[in-house]
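Beneath this line is the structure, given in structure tokens, with notes to follow.
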Amino acid sequence: MIAFWILAPVMVIAALGLLFVRKAVHAALLLAVVMMSLAVLYAALEAPFLFAVQIIVYTGAILMLFLFVLMLVGVDASDSIVETIRGQRVLAAVFGLGLGLVMVLGLSQISLGTAVGLEDANAAGNIQALANILFSRYVFAFEVTSALLITAAVGAMVLAHRERLTPKPTQRSLAAQRMKDYAELGTHPGPLPPPGVYARHNAVDTPALLPDGTAAESSVSRVLAARGTVRSAPARAEDIHEIEGTLSGATHAGRDAVAPATTTEVTPATGEDSE
Amino acid sequence: MYALNEGAIPVVNAASADGVYSLLWLVVALPLAGATILLVGGRYTDKWGHLLGTLLPIGSFLVSLVLFFDLLGRDEGDRQVSQHVFTWFQTGHLDVGMDLLYDPLSALFLLLITGVGSLIHVYSIGYMAHDLRRRRFFGYLNLFVAAMLMLVLSENYLGLFLGWEGVGLASYLLIGFWQHKPSAAAAGKKAFVINRVGDMGISTSIMMFFALFGSTSFTVISEKAANASETQLTILGLLLLLGACAKSAQFPLQAWLLDAMEGPTPVSALIHAATMVTAGVYLIVRSNFIFEAAPHAQTAVVVVALISILWGAAIGCAKDDIKKGLAGSTMSQIGYMMLGAGLGAAGYAFAIFHLLTHGFFKANMFLGAGSVMHGMNDDVDMRHYGALRKMMPVTFLTFAMGYLAIIGFPGFSGFWSKDKIIETALADNWLVGICAIIGAGITGFYMTRMMLMTFFGDDRRWEKDVHPHESPSVMTVPLVVLAALSVLGGVMLAGDWIQDFLAPVVGTGAHEDPPLPALAVTVIVVLVVASGVAVAWLLFGRREVPRTAPQDVSFVTRAAREELYGNQINDGLVVNPGRHLVGGLLTIDKHVVDGTFTGGPVSLGTLAGFARRAQNGFVRTYALSLLGGVLIVVLALLAVNLA
Amino acid sequence: MDVTAYVVLSGILFTIGCVGVLIRRNAIVVFMCVELMLNASNLALVAFARQHGNLDGQIAAFFVMVVAAAEVVVGLAIIMTIFRTRRSASVDDASLLKY
């Protein structure tokens with residue numbers, strides 16, 4: 001019973017957390033806590049087979065499936081706290097409390113007497129005893145279960161399957177489309193220019209320079225442009241110049257006399273860089 | 001076959017038609033065919049339509065004439081012939097045939113309708129010569145003649161009703177013939193609506209005939225009528241009287257007749273003087289087997305007749321419109337016929353006699369009025385006439401014949417017929433007789449007024465640009481014929497011929513001696529009429545007639561100009577309460593009835609509208625109600641266990 | 001050893017799962033709460049198996065796990081499909097079936 005008294009509060013708190021956390025991933029982790037604790041309680045209740053199954057099947061398979069779907073849907077998707085249905089929360093709380101109170105009070109009023117215990121039933125081992133029952137008395141239900149699982153698998157496939165409504169585009173049709181766009185909309189038919197590459201690092205966030213010295217905007221990802229983290233090549237050049245200056249200053253101290261004018265000029269660029 | 005017992009109610013017992021009588025159906029069929037051809041043929045018949053439309057009634061007239069002379073040649077008790085044309089319908093115990101009955105009564109009507117009708121057709125050729133829709137007019141006239149013939153020839157009430165409705169329809173079409181005038185359209189509608197009131201009486205009585213006697217045939221009913229109770233017969237009589245009042249423009253359903261003058265003048269002559277309005281009289285005379293056994297109904301007829309005589313005469317005195325003046329006189333004269341018909345077996349023959357003579361002289365005068373209007377650019381106001389006797393001599397002379405006939409100038413047809421009715425009325429009840437004599441006096445007054453204002457005097461009060469002229473001969477020839485008939489119509493009374501001729505149909509009344517000798521009555525009547533003429537001459541002959549009607553007149557004159565407030569009474573008693581009733585019923589229907597019926601579903605719908613809000617589509621709301629249900633079940637289990 | 005405590009714990013976890021289903025809007029989290037309810041019932045089954053000295057309860061819990069596995073597979077596939085078409089994993093957004 002020590003395990004129970006330790007685990008029960010943990011489980012209740014984790015379950016309550018399920019109600020209040022905003023992110024679905026956290027909810028899944030809290031549910032994992034509840035399930036693992038349940039597995040332990042199964043062990044305490046002389047059900048070693050279910051202990052294993054709970055961990056392997058429930059926590060291992062089902063909960064992972066949940067997480068997998070969460071990843072597909074989007075981890076960021078957090079619930080808004082505002083309740084849209086009027087009175088839903090209050091009524092749910094009232095009804096839930098009512099049901100909980102009735103069950104807890106009702107169940108604590110009854111006395112089940114001393115538990116029989118499973119020593120006799122598990123005499124030949126829990127798994128053997130379960131197998132005996134499962135493949136004799138419950139064999140029909142067991143076989144039906146297989147049908148259920150197959151149906152579920154097929155159903156999941158059917159639901160997840162996306163029907164292709166248009167023929168798969170071939171390379172030829174893609175090329176034709178590209179030329180057509182060029183003819184009609186003026187879209188550039190070739191690949192986009194790569195970002196500027198400098199000897200010192202792969203600057204994905206720095207646009208390439210066109211022959212006239214201006215930046216080619218299409219050479220950097222739009223995401224970076226939206227974030228506002230695109231650098232400009234001239235700034236980078238100053239940057240390099242300054243670093244070079246620092247480096248040479250360390251080795252040739254005599255150069256410092258010349259350097260200050262430029263150093264003060266590039267200070268903003270340095271500050272920008274450090275951000 | 002027929003026993004001529006005094007006072008006995010004759011029974012219709014017709015021999016089946018053979019020989020020349022098998023042509024009977026032609027009388028109706030000819031004008032009906034004319035109407036069909038002219039109305040269906042449309043403008044393809046425009047060129048010759050009026051000629052065909054005139055020839056066919058003349059054909060009918062010739063057939064009627066042949067039949068009439070053949071009838072005269074037959075034995076007196078053998079003068080009823082019926083022809084079974086076809087079975088109209090037969091359901092269960094009801095068996096209604098399209099049977100025609102030819103007996104002395106219908107024989108006279110046939111001659112009147114086809115004879116006068118044909119003359120009016122001839123007259124219309126000239127009168128309507130410049131109307132673009134003349135062919136249609138003749139189609140309607142033929143339809144009218146066919147319906148009227150059907151009315152008087154049918155052997156059962158249902159066939160009579162068919163003709164009755166046909167006459168109503170034709171009348172509606174003809175009164176509103178110039179439908180581009182709103183007043184004409186309204187007048188047609190008014191006549192139609194008022195006639196529906198009467199139709200209600202007739203159709204109800206037909207239903208009663210079916211219920212009481214199982215048939216509408218005159219043969220069956222006249223035989224079985226004695227078995228019915230007097231109350232039943234009184235009700236039947238009153239219902240028939242209601243119908244007769246509407247069709248004959250008798251009080252209280254007289255209002256339509258004056259407005260009906262909106263129609264072309266030949267229509268006024270044909271329908272509203274000579275034929276259609278006499279249908280009511282025909283109905284009562286034909287139903288003599290009902291009225292003879294229902295004295296109260298007869299009394300009602302007499303009362304209605306007296307009121308109509310005086311009412312119509314009063315209107316005739318005040319109207320400046322020549323046609324409306326004549327219309328008032330028509331109402332009054334038909335009152336005389338109704339009076340005769342209401343007096344029972346003693347009066348039927350005289351009612352028919354007056355009907356015939358009136359048909360002659362009134363048609364004559366209406367056509368004369370039409371001729372005057374023709375010469376006066378369709379002006380109808382007598383105050384714009386004057387001194388026309390020299391301008392249109394034929395019209396003047398023929399009109400004068402009609403005038404002398406209607407006022408009862410000794411020797412003229414109207415003198416004989418009206419005198420007989422007054423005599424019979426005096427013998428029946430002296431009060432009734434005196435009223436009739438007063439009516440005769442007023443007739444003398446207003447007819448003289450009309451004559452004086454139209455033809456006499458020397459001041460020509462004509463409108464500018466009016467050049468009175470005589471009408472073409474196609475119009476004057478019918479006038480001459482009718483004038484001759486107006487003068488000579490009285491010969492029918494010679495040797496009590498008409499009474500004996502009609503006796504097989506209407507019986508002969510017990511002869512009652514009038515309180516005064518017949519000659520004295522005649523002298524009194526002539527004196528009263530003469531005084532009426534004298535008063536009119538004093539008022540209009542010696543003084544100049546103002547061109548506009550004087551306004552500072554007594555209450556009586558104003559009332560008479562307003563047709564004794566007949567329209568206002570109708571409006572006040574029937575039309576406005578009816579409107580309010582219908583309006584009230586409509587409101588009740590809209591708000592109470594509809595409210596009750598639609599209220600339930602509407603409130604249910606509103607409720608459902610609120611309930612469906614529960615189906616908000618949110619899974620979590622459904623889950624919440626699920627949890628609520630679980631909670632309730634758990635609590636219930638707990639409660640059960642604790643209890 | 002008394003199993004009443006286990007059963008009470010099971011009830012508490014079940015109720016928390018219920019409320020979670022009602023108030024969370026992310027379909028995946030709602031689904032997790034359903035799993036929590038299933039696990040809570042499993043705990044009760046195992047506890048009662050021990051109480052009665054009978055392994056049938058453990059067999060039942062085993063079957064529950066199998067069914068839960070099948071349910072999760074299908075349920076997550078449905079959530080995926082909905083997300084793919086509506087770009088949202090909120091259970092409130094799929095509310096077209098209404099008045």
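Letters A, B, ... mirror the listed sequences (proteins, then strands); counts begin at 1.
- Using modelled atom types, one side-chain atom of C:R24 and one backbone atom of A:L18 make a donor-acceptor pair closer than 3.5 Å.
- The contact between A:M11 and chain C is made by backbone and side chain atoms together, counting heavy-atom distances below 4.5 Å.
- Ranked by heavy-atom pairs under 4.5 Å with chain C, the first of A:L107, A:T151, A:L118 is A:L118.
- C:A49 pairs by the side-chain contact (heavy atoms from CB on, under 4.5 Å) definition with C:Q58, not counting sequence neighbours.
- Contacts of C:I23 with chain A are made by both backbone and side-chain atoms, with heavy-atom separations under 4.5 Å.
- Looking at A:A28, the atoms closer than 4.5 Å to chain C (heavy atoms on both sides) sit in the backbone and in the side chain alike.
- Contact of C:I78 with chain A is made through backbone and side chain together, with heavy-atom distances under 4.5 Å.
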Return a table of donor-acceptor pairs under 3.5 angstrom between the side chains of residues 49-59 of chain A and protein atoms on other chains or two or more places apart.
| unit_1 | atom_1 | unit_2 | atom_2 | d |
| --- | --- | --- | --- | --- |
| A:Q54 | NE2 | C:N39 | OD1 | 3.3 |
| A:Y58 | OH | C:E35 | OE1 | 2.8 |
| A:T59 | OG1 | A:Q54 | O | 3.2 |

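- Interface residue A:L65: backbone and side-chain heavy atoms are both found under 4.5 Å from chain C.
- Within the 4.5 angstrom heavy-atom criterion, only backbone atoms of A:H161 (N, CA, C, O) approach chain C.
- Partners of C:A60 by side-chain contact (heavy atoms from CB on, under 4.5 Å), not counting sequence neighbours, listed by chain and number: C:L45.
- At most 12 non-hydrogen atoms from other residues, nucleotides or ligands lie less than 6.0 angstrom from CD1 of A:I2.
- Interface remark: A:I85 contributes side-chain atoms only to the contact with chain C (heavy atom separation under 4.5 Å).
- Within residues 126-133 of chain A, the residues having any heavy atom less than 4.5 Å from a heavy atom of chain C are, in residue-number order, A:N126, A:A129, A:L130, A:I133.
- For a residue to count as touching a neighbouring chain, one of its non-hydrogen atoms must lie under 4.5 Å from one of that chain's; by this rule A:V12 touches chain C with backbone and side chain alike.
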